[in-house]
Amino acid sequence: VLCKSAGIAPQPADIIAPSMSRVRFLFCQSLLLTLLAFAPCVSAGQFDLTPAQSQRLQKIFPNAYPKLAKKAPVRVLLVGDSVTSMYVHTDDDSNTLKSYAGVFVTQLADQFYYTGGVRMLRPGKGQPDKAIDTLGPEVLVRNASRGGKLMIHAMNVLGAAGWEDEPDIVIVNFGINDANAGHSLARYRLAVQDVIDSVKAHKADLILLGNTPTITDPPERGLALTRPYVDTVRELAAANGVFFADLGDLAWLVHVDERMKGLEKSPPPKKKDDEEKPDAKAGPEGRTPGAIIDFPTSEERDPDPDKRSA
């Protein structure tokens with residue numbers, strides 16, 4: 001869903017998430033590619049969608065797509081915790097335009113050639129409402145996220161202020177605080193379903209996000225902390241036909257050396273004829289006389305593949 005990695009701002013207390021602009025950009029690029037089903041555009045520099053891309057986007061955004069296609073004003077509502085609210089200890093604090101959701105919406109606006117770009121409704125204190133002051137059709141974004149909140153608080157936000165701007169797209173991301181508090185998965189599931197039902201009742205399009213990993217000390221203690229909540233959102237999204245993106249999927253970071261890929265392949269099974277046919281060099285019982293077992297040397301056991309190949 002949003003772009004190739006989950007570039008997120010640091011969290012309060014012991015919750016920390018990566019905030020590098022490159023990672024955030026790659027994540028949002030990945031999300032957009034996922035929305036477009038990885039189908040390339042007609043050619044470089046063009047904004048035309050292939051028929052497959054258009055069909056997929058119409059399925060994901062049945063309510064917003066007609067507006068996007070006509071470059072009519074589209075409103076996006078962000079609901080989440082401090083990750084979504086862009087909580088950081090820099091000058092970018094509360095600057096939604098630089099958050100993962102802000103970068104994604106900007107790329108979505110670029111894809112549909114909204115020359116006015118993205119405009120924030122009620123931007124954070126001291127933060128701009130636009131990255132570049134240009135004229136033309138705009139995508140309007142409101143960030144109603146609050147730090148420290150759980151999925152059970154999503155309905156409070158939606159009920160109190162979520163629908164007054166009549167959003168076309170709602171992006172929801174909760175779970176880090178649920179995981180750290182040990183919140184019940186059963187109640188978390190009910191809260192997610194309530195959000196899905198509410199968004200559908202208001203005829204808006206919904207994007208559900210799986211959480212980023214959390215980094216604790218030691219790191220391995222908390223890396224998988226949010227995964228049960230991510231799986232819960234994934235299951236409910238699939239059951240309700242809602243688009244889901246996993247911000248904590250680190251598979252794209254894994255690199256397998258080309259020389260090591262073949263090690264996972266099993267040897268081809270022997271044919272029955274080969275098993276019954278004795279080796280010409282073997283003895284009467286099919287064994288090679290005087291066979292020597294060569295144990296690997298210390299150099300061959302070296303974990304460095306370059307040294308092993310040498």
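Just so you know, these numbers come straight off a predicted model, no measurement behind them.
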**Q** Quick one: does Ile176's side chain get under 4.5 Å of Ser82's, heavy atoms only?
**A** no
**Q** For the residue pair Leu108 and Val139, establish whether any side-chain heavy-atom pair is separated by less than 4.5 Å.
**A** no
**Q** Evaluate the salt bridge (Lys or Arg N to Asp or Glu O under 4.0 Å) criterion for residues Arg234 and Asp231: first the C-alpha distance (whole Å), next the side-chain angles of each, then the deciding distance (0.1 Å), finally the verdict.
**A** CA-CA 5 Å; Arg234 189 198 317 274; Asp231 291 340; 3.5 Å; yes
**Q** So with a 6.0 Å cut-off around CD of Gln193, is the heavy-atom count from everything else above 12?
**A** yes
**Q** With no hydrogens and no angle check, do the side chains of Gln127 and Asp93 hold a donor and an acceptor under 3.5 Å apart?
**A** no
**Q** Say whether Leu190 and Val199 are linked into one hydrophobic cluster, either directly or through other cluster members, by side-chain heavy-atom distances under 4.5 angstrom.
**A** no
**Q** Taking side chain to side chain contact (heavy atoms under 4.5 Å, CB included) as the criterion, tell me which of Asn177, Val79, Asn173, Val172 meets it with Met151.
**A** Val172
**Q** For a quick test of reading the model, state the closest non-hydrogen atom pair linking Leu209 to Val233 and the distance between them.
**A** O-CG1, 4.3 Å
**Q** Using modelled atom types only, decide if a donor and an acceptor are shared between the side chain of Ser85 and the backbone of Gly80 within a distance under 3.5 Å.
**A** no
**Q** The test is salt bridge (Lys or Arg N to Asp or Glu O under 4.0 Å); show your working for Arg227 and Asp246 and say whether it passes.
**A** CA-CA 10 Å; Arg227 302 315 291 172; Asp246 187 357; 2.5 Å; yes
**Q** Do Leu150 and Tyr188 sit in the same hydrophobic cluster, where Ile, Leu, Val, Met, Phe, Trp and Tyr count as joined when their side-chain heavy atoms come under 4.5 Å apart?
**A** no
**Q** Tell me whether Thr106 contacts the main-chain N or O of Gly102 through its side chain, where contact means a donor paired with an acceptor under 3.5 Å.
**A** yes
**Q** Aromatic rings Trp163 and His202: how do their planes relate, parallel, tilted or perpendicular, breaks at 30° and 60°?
**A** parallel
**Q** Take a 6.0 Å sphere around NZ of Lys130 and say whether it holds more than 12 heavy atoms from other residues, nucleotides or ligands.
**A** yes
**Q** Does Ile207 reach the side chain of Phe61, with side-chain heavy atoms less than 4.5 Å apart?
**A** yes
**Q** Is there a donor-acceptor contact under 3.5 Å from the side chain of Thr212 to the main chain of Leu247?
**A** no
**Q** Less than 4.5 Å apart, side chain to side chain, heavy atoms only: is that true for Leu208 and Phe243?
**A** no
**Q** Does any non-hydrogen side-chain atom of Tyr114 lie less than 4.5 Å from one of Val105?
**A** no
**Q** With a 3.5 Å cut-off and no angle check, do the side chains of Asn143 and Thr96 form a donor-acceptor pair?
**A** yes
**Q** Any side-chain donor paired with an acceptor under 3.5 Å for Asn63 and Asp168?
**A** no
**Q** Any donor-acceptor pair under 3.5 Å linking the side chain of Thr232 with the backbone of Pro228?
**A** yes
**Q** Mind running side-chain contact (heavy atoms from CB on, under 4.5 Å) on Met155 and Val195 for me, showing each step along the way?
**A** CA-CA 6 Å; Met155 289 300 295; Val195 169; 4.3 Å; yes
**Q** Pair Arg142, Glu164 - check salt bridge (Lys or Arg N to Asp or Glu O under 4.0 Å), show working.
**A** CA-CA 11 Å; Arg142 180 182 177 186; Glu164 62 184 14; 2.9 Å; yes
**Q** Between the side chain of Lys149 and the main-chain N/O of Phe174, is any donor-acceptor distance below 3.5 Å?
**A** no
**Q** Judged by atom type as modelled, is there a donor-acceptor pair below 3.5 Å linking the side chain of Gln107 to the main-chain atoms of Phe104?
**A** no
**Q** So does Ser94 get a backbone contact from the side chain of Lys125, meaning a donor-acceptor N/O pair under 3.5 Å?
**A** no
**Q** Tell me, with the steps shown, if Lys200 and Val242 meet side-chain contact (heavy atoms from CB on, under 4.5 Å).
**A** CA-CA 10 Å; Lys200 286 188 174 183; Val242 173; 4.2 Å; yes
**Q** Mark yes when over 12 heavy atoms from residues, nucleotides or ligands other than Gln58 sit less than 6.0 Å from its CD; otherwise mark no.
**A** yes
**Q** Is Tyr65 close to Asp205 at the side-chain level, that is, under 4.5 Å between some pair of heavy atoms?
**A** no
**Q** Is the side chain of Asp92 donor-acceptor paired with the backbone N or O of Lys98 at a distance under 3.5 Å, no angle test?
**A** no
**Q** Answer yes or no: is there a side-chain heavy-atom contact under 4.5 Å between Arg189 and Leu236?
**A** yes
**Q** Would you name the heavy atoms of Ala204 and Val170 that are closest together and state the gap between them?
**A** CB-CG2, 4.2 Å
**Q** Closer than 3.5 angstrom, by distance alone: can the side chain of Thr226 be matched with the main-chain N or O of Pro213 as a donor-acceptor pair?
**A** no
**Q** Quick check: do Val74 and Leu140 have side-chain heavy atoms less than 4.5 Å from each other?
**A** no
**Q** Any side-chain donor paired with an acceptor under 3.5 Å for Tyr87 and Asp81?
**A** no
**Q** Give the minimum heavy-atom separation between Leu77 and Ala144, together with the two atoms involved.
**A** CD1-CB, 3.9 Å
